[in-house]
Amino acid sequence: MKKIFKAAVVVVSVMLAVTAAVRFSPYKALKEIQSQKVSTRIYDANGELLQVLALEEGVRREFTPLEDIPQNVLDAFIQAEDKRFYKHHGIDVQAVFRAAKSNVSEGRTVSGASTITMQLARIISPRPVRNLRAKVVEAWNALRLESRLSKTQILELYMNNVPFGFNTEGVTSAARFFYGKTLFSLNEEQIETLAKIPRRPKAYADLAGNYHYPFELPHYINWLKTQNVGLYEVPEVHLKVSLAVQKKAESLLGSRTEQYADNRLSNGAVLALDVETGDVLVWAGSAAFDSEEHSGQIDGVLVQNQPGSSMKPFLYALALERGFKLTSVLPDIPMEFGFEELYVPQNFNNRYNGPIRFRVALASSLNIPAVYLLNEVGLEIYKNKLLDLGFESLRDQDTGLSLALGGGEVTLYELTKAFSVFPRDGKTFEGAQVYEPDTARIICNILSDSDARALGFGYAKVFQTSYDSMFKTGTANQFQNITALAASGRYVVGVWMGNFSGETIVGKTGSSIPAAIAREILDMLENDGKPDASFKEPVNYHKVKVCSVSGMKAGDFCKNTVYEYEPVSASAGTSGEACNWHRGSELIYPEKYASWFVLKNRQGTLDYGNEPLEITSPRDGSIFYFDESSGLKDFQKLTVSVMGGSEETCQIFVDGIFAGESFRPFIFRLPLSQGEHLLQVVSGEESDSISYIVN
C-alpha cells in the first residue's frame with residue numbers, strides 16, 4: 001500500500017507540476033501577439049472606407065472582434081480546420097489517432113491533426129523546420145493557450161492572424177484582398193474557398209491581385225502618418241472628410257488642368273477646413289496622384305510657392321491695428337521704396353488710381369498701396385505677425401518689401417489655415433488671438449464687398465454666392481502659381497494651381513480658375529442642409545458718411561459719398577473735418593499725388609500748399625544700373641519728383657552744374673551717367689539734395 005501511495009503522490013505531483021507549467025510558465029510570444037499592431041482602417045465622415053494601412057513589410061492585418069465576424073464564416077473555418085474545436089483542450093486525440101491510421105494505411109502523410117489552437121500556437125511561435133520536435137512544441141504551446149485563454153479568445157486571435165500569403169493576414173483583410181468585399185458581402189462559395197486558402201496559399205494565386213485595397217486621400221493620409229496622432233495605434237479612424245466632396249475636388253482639378261494644358265498648367269491642390277474645428281474636409285495634393293509625367297505624388301498642399309496677393313489681407317489687418325483706418329486714403333501712384341535696393345512695385349494692370357480708399361485697395365488687390373502699407377507698418381513687425389499666424393516657411397526667408405505682394409514662399413496648408421482667422425474672429429485653431437475680433441470682422445466685410453472689388457475685378461459672378469462669403473486671389477510675380485482663398489462663416493477653402501517644375505503659366509490664365517474651383521467646393525460644403533453662418537458685424541465701430549475720394553467726412557460739395565466703418569471712439573473721417581478736397585465745383589488733390597495727376601488730363605487741380613521743399617524720388621543713397629546696350633544708351637533717364645517749395649519753379653543742379661529748371665508739378669527726367677552724383681534742387685530760398693550712384 002505504501003508503494004502505491006507513494007506512486008500516487010508522485011503521479012499527482014507530476015500532474016500538478018505539468019499543470020502549473022502549462023498554466024503559469026512564461027509565454028512572452030503570446031503577450032506580443034496580443035499587443036501587436038493591426039492595420040488601421042480609415043473611413044470618411046459617412047463611413048466610406050478610404051484606406052487600410054499596411055504594416056511593416058507591407059502586411060495588412062485588420063482586427064475584427066469575434067462578435068462582428070459572420071457566423072457562417074466562423075463555421076466554415078471550424079469545419080475546414082477543426083470540427084471538434086469546442087470539444088478538446090488544444091490537442092484532438094481522436095484526430096491524432098485517425099490521422100495516424102490514415103497515414104499508415106496510405107504509406108504517406110494524407111491527413112494532419114493540427115487543431116485551430118495548434119495552428120494559432122504555430123502562428124505565435126513559428127518554427128522554420130516542420131519535424132517531430134516542432135510538432136511536440138506546437139502541442140505543448142496549444143495546451144498552454146487553452147489553459148490561459150477561452151475558446152472565444154483563441155478563435156478571435158486565430159481569425160485575425162491566420163496567414164493567407166500575399167502579405168495578407170486575418171479573414172477581414174483576406175476577404176478584401178481576394179474578393180474586394182467585406183466579410184458580410186461574401187457568398188457561401190467564396191467563404192468556403194477562403195477557409196481553404198491558409199492550407200496552400202500559392203494554389204490560389206489566380207485569385208490574388210484581382211482586387212485592390214481602397215486608396216483614397218493618399219496625400220492627406222500620408223501627411224497624417226507623419227503627425228503624432230497615433231494612426232497605427234487603433235483599428236479604426238474616422239475622418240471628417242466627405243469622399244463625395246473630395247472626389248469633386250479631384251475631378252475639378254483634373255478637368256481644369258486638362259482644359260489649360262496648352263497654357264502649361266499641369267497641376268493643382270485643394271485644402272478645405274472646418275472654420276470652427278480646423279478639421280480637414282478636403283485634401284487633394286495634386287491633379288492626379290498616379291501621374292508620373294506631372295509628379296502627382298508630390299503634395300501641393302505642403303509645397304512652398306509664392307501666393308501673390310493672397311497674402312494681402314494679413315497686412316491690411318495689421319495696418320488697421322497699427323493706426324490706419326477704413327477711412328484712410330492710400331496712394332496708388334508711381335512710387336519707389338528702399339535705398340541701395342530700390343523696389344518699384346507695379347499694379348497688375350500697370351495703371352495708377354491716385355488716392356484710393358483702404359477698403360477698395362484691399363478688395364481690388366492693388367499692389368502699390370500694399371507696399372506703401374508695409375513700408376509704413378514695418379517689415380519685421382509684419383513678418384512677426386505672419387509667424388504668429390503659422391507661416392513657419394517664412395522664418396528664414398529674406399523677401400524685403402515684396403512680402404507685401406506675397407513674395408515669400410509658403411504652403412497652401414499655412415495659407416488656408418491663416419485665412420481662417422478672419423471668420424474665426426482673429427483667433428487661430430491653436431487658440432492664439434492674433435487680431436482683434438473687430439479687425440477680423442472688418443476684413444471679412446471688405447473681402448465680401450462686391451462694390452469695393454469692382455475696380456479690380458468687375459462684378460465677377462464667381463464671387464457671388466447666396467450665403468456670406470469672402471474671396472482673395474493671387475498670382476505669383478513670374479506667373480508660376482495662381483492661388484485662390486474662399487471662406488464662409490463655416491468653411492475655408494484654399495486652391496493652388498501651377499506646375500511642380502516651377503515653369504511659368506502662359507496665355508490668358510488667371511486666378512479666376514482656382515477661384516472657380518474654390519467657389520464650387522464652398523458651395524458643396526455649404527449645401528449640407530445646415531443654417532448659413534453670416535459674417536458678424538464689428539462691435540466697436542459705427543458707419544459714417546464719407547467722401548469716396550478723400551475718405552474725409554462728406555462735405556456739401558462731395559458728389560460721391562459712401563458709408564464706412566469707423567471706431568466709435570474716433571471722429572468721423574480721417575481728420576474729423578469735412579472734406580476739403582472738394583471746394584465748390586473744384587476737386588483739389590494734395591501735391592503728393594502730382595506724379596499720378598500729370599499722367600493724364602484729369603479733372604481738378606493740385607494743392608501745393610506750403611510744404612518744405614523735398615526730393616521725394618529717388619531716395620538718398622539710391623543705386624541705379626546703366627545698360628550699355630547701344631540701342632538704350634541715349635534713352636536711359638532718371639525720373640525725379642520734388643514736392644513743396646515756396647516758388648512755382650525750381651532749379652536743378654547735378655554735381656554743382658546747372659541742369660535746368662522745372663515748373664510745377666516738379667517732375668522731370670535727367671540723363672544717366674555712370675558714377676556717384678549729387679542732385680540738388682532750389683526753389684526760392686529753399687533747397688534739398690540727395691546723392692545717388694549709377695553703376
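Heads up: numbering here begins at 1 and tracks the sequence. In this text the structure is predicted, and so the values were computed from the model without any measurement.
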task = Assess whether atom NZ of Lys240 is packed by more than 12 heavy atoms of other residues, nucleotides or ligands within 6.0 Å.
result = no

message = Tell me if a side-chain donor or acceptor on His89 pairs with a main-chain N or O of Leu143 at a distance below 3.5 Å.
response = no

task = Describe, in one word, how the ring planes of Tyr158 and Phe77 are oriented to each other, choosing from parallel (under 30°), tilted (30 to 60°) and perpendicular (over 60°).
result = perpendicular

inquiry  = Measuring only between side-chain heavy atoms, which start at C-beta, is Val493 closer than 4.5 Å to Val282?
reply    = no

ask   = Got a second to check how far Gln36's CD is from Phe63's CZ, nearest 0.5 Å?
value = 11.0 Å

request  = Report yes if the side chains of Arg61 and Leu55 come closer than 4.5 Å at any heavy-atom pair, otherwise no.
outcome  = yes

inquiry  = Any donor-acceptor pair under 3.5 Å linking the side-chain atoms of Tyr179 with those of Asn210?
reply    = no

task = Kindly indicate, with the supporting measurements, whether the criterion side-chain contact (heavy atoms from CB on, under 4.5 Å) is fulfilled by Leu145 and Leu120.
result = CA-CA 9 Å; Leu145 285 172; Leu120 178 59; 4.1 Å; yes

ask   = With side chains defined as the heavy atoms from C-beta onward, is the minimum distance between Val280 and Leu271 less than 4.5 Å?
value = yes

query = Okay, side chain of Asp44, backbone of Leu243: is any donor-acceptor separation there less than 3.5 Å?
reply = yes

request  = Answer yes or no: is there a donor N or O on one side and an acceptor on the other, between the side chain of Asn72 and the main chain of Glu188, under 3.5 Å?
outcome  = no

key: Glu216/Lys247 ion pair, N-O < 4.0 Å   = yes

key: Taking every non-hydrogen atom, the tightest pair across Glu250 and Ala284   = CG-CB, 4.1 Å

key: Smallest separation among heavy atoms of Asp274 and Thr277, with atom names   = OD1-N, 3.1 Å

request  = Mind listing the closest non-hydrogen atom pair of Ser488 and Glu526 along with its distance?
outcome  = OG-OE2, 2.5 Å

Any side-chain heavy-atom pair of Phe463 and Thr473 under 4.5 Å = yes

message = Nearest 0.5 angstrom please: Ile42 CD1 to Leu217 CG, how far?
response = 9.0 Å

request  = Return yes if a side-chain donor-acceptor contact under 3.5 Å exists between Thr483 and Ser310, otherwise no.
outcome  = no

task = List the steps and the verdict of side-chain contact (heavy atoms from CB on, under 4.5 Å) for Val492 and Leu485.
result = CA-CA 7 Å; Val492 59; Leu485 297 168; 5.7 Å; no

ask   = Looking only at heavy atoms, what is the nearest atom pair of Pro423 and Ser420, with distance?
value = CD-O, 3.2 Å

request  = Kindly determine whether Arg133 and Arg127 satisfy side-chain contact (heavy atoms from CB on, under 4.5 Å), including the steps that lead there.
outcome  = CA-CA 10 Å; Arg133 176 182 175 82; Arg127 300 183 71 82; 3.7 Å; yes

ask   = Side chains of Tyr491 and Ile521: does their closest heavy-atom pair fall under 4.5 Å?
value = no

task = State whether the number of non-hydrogen atoms from other residues, nucleotides or ligands found under 6.0 Å of Lys31 atom NZ is greater than 12.
result = no

query = Are side-chain heavy atoms of Glu430 and Lys417 found at a separation under 4.5 Å?
reply = yes

task = Given side chain to side chain donor-acceptor pair (under 3.5 Å), test Gln119 with Asp82 step by step and report yes or no.
result = CA-CA 10 Å; Gln119 291 180 47; Asp82 191 357; over 6 Å; no

request  = Fit a plane to each ring of His88 and Phe85, take the angle between them on a 0 to 90° scale, and name the class: parallel (under 30°), tilted (30 to 60°) or perpendicular (over 60°).
outcome  = perpendicular

inquiry  = So does Gly498 get a backbone contact from the side chain of Asn481, meaning a donor-acceptor N/O pair under 3.5 Å?
reply    = no

inquiry  = Let me confirm one number: the CE-CD distance from Met118 to Glu81, rounded to the nearest 0.5 Å.
reply    = 12.5 Å

query = In this structure, which one of Leu522, Val270, Val462 forms a side chain to side chain contact (heavy atoms under 4.5 Å, CB included) with Ile517?
reply = Val270

Test side-chain contact (heavy atoms from CB on, under 4.5 Å) applied to Asn527 and Tyr467, step by step = CA-CA 10 Å; Asn527 188 28; Tyr467 48 88; over 6 Å; no

query = Counting only N and O atoms by type, is there a donor-acceptor contact under 3.5 Å from the side chain of Arg424 to the main-chain atoms of Val275?
reply = yes

message = Any donor-acceptor pair under 3.5 Å linking the side-chain atoms of Gln480 with those of Asn305?
response = no

ask   = Within the distance-only criterion (no hydrogens, no angle test), does the side chain of Arg199 pair as donor or acceptor with the backbone N or O of Ala80 below 3.5 angstrom?
value = yes

key: Nearest-0.5 Å distance that lies between atom CZ in Arg122 and atom OG1 in Thr117   = 11.5 Å

ask   = Would you say the side-chain atoms of Asn222 and Gln297 include a donor-acceptor pair closer than 3.5 Å?
value = no

query = Going by atom types alone, do Asp75 and Gln71 pair a side-chain donor with an acceptor below 3.5 Å?
reply = yes

request  = Report the C-alpha distance between Tyr220 and Asp299 in whole Å, list the side-chain angles of each, state the deciding distance to 0.1 Å, and finish with yes or no for side chain to side chain donor-acceptor pair (under 3.5 Å).
outcome  = CA-CA 9 Å; Tyr220 178 36; Asp299 190 347; over 6 Å; no

request  = Look only at the side chain of Thr168 and the backbone of Ser173, and say whether a donor-acceptor pair between them is shorter than 3.5 Å.
outcome  = no

ask   = Minimum heavy-atom separation for Thr172 to Leu183, with atom names?
value = OG1-CD1, 3.5 Å

ask   = Between Tyr204, Phe166, Phe164, which is the residue that forms a ring-ring contact (aromatic ring centres under 6.0 Å, His included) with Phe177?
value = Phe166

task = Output the distance between atom CD1 (Ile124) and atom CG (Asn161), rounded to the nearest 0.5 Å.
result = 8.0 Å

message = Looking only at the side chains, is there a donor atom on one of Thr465 and Arg519 sitting less than 3.5 Å from an acceptor on the other?
response = no

request  = Answer yes when Arg256 and Glu520 have at least one side-chain N-carboxylate O distance shorter than 4.0 Å, and no when they do not.
outcome  = yes

OG1 on Thr182 to CG on Leu49, rounded to 0.5 Å = 10.0 Å

ask   = What do you reckon, is CD of Glu258 surrounded by more than 12 foreign heavy atoms closer than 6.0 Å?
value = no

key: Over 12 non-hydrogen atoms of neighbours within 6.0 angstrom of CD in Glu192   = no

Within-4.5 Å side-chain heavy-atom neighbours: Lys181 and Tyr211 = no

inquiry  = If we ignore hydrogens and angles and just use 3.5 Å, is the side chain of Arg144 paired with the main-chain N or O of Pro26 as donor and acceptor?
reply    = yes

query = Cation over ring, Arg148 on Tyr27, under 6.0 Å and within 45°?
reply = no

inquiry  = Please determine whether the number of non-hydrogen atoms from other residues, nucleotides or ligands lying under 6.0 Å from atom CD of Glu292 exceeds 12.
reply    = no

request  = Using modelled atom types only, decide if a donor and an acceptor are shared between the side chain of Gln246 and the backbone of Val241 within a distance under 3.5 Å.
outcome  = no

request  = Keeping the roles fixed (side chain from Thr40, backbone from Leu53), state whether a donor-acceptor pair exists under 3.5 Å.
outcome  = no

query = So do the side chains of Met159 and Val73 get within less than 4.5 Å of each other, counting heavy atoms only?
reply = yes

task = List the atom of Pro163, the atom of Ile123, and the distance in Å for their closest heavy-atom pair.
result = CD-CD1, 3.7 Å

inquiry  = With a 6.0 Å cut-off (strictly less than), is the heavy-atom count around CD of Gln304, excluding the residue itself, greater than 12?
reply    = yes

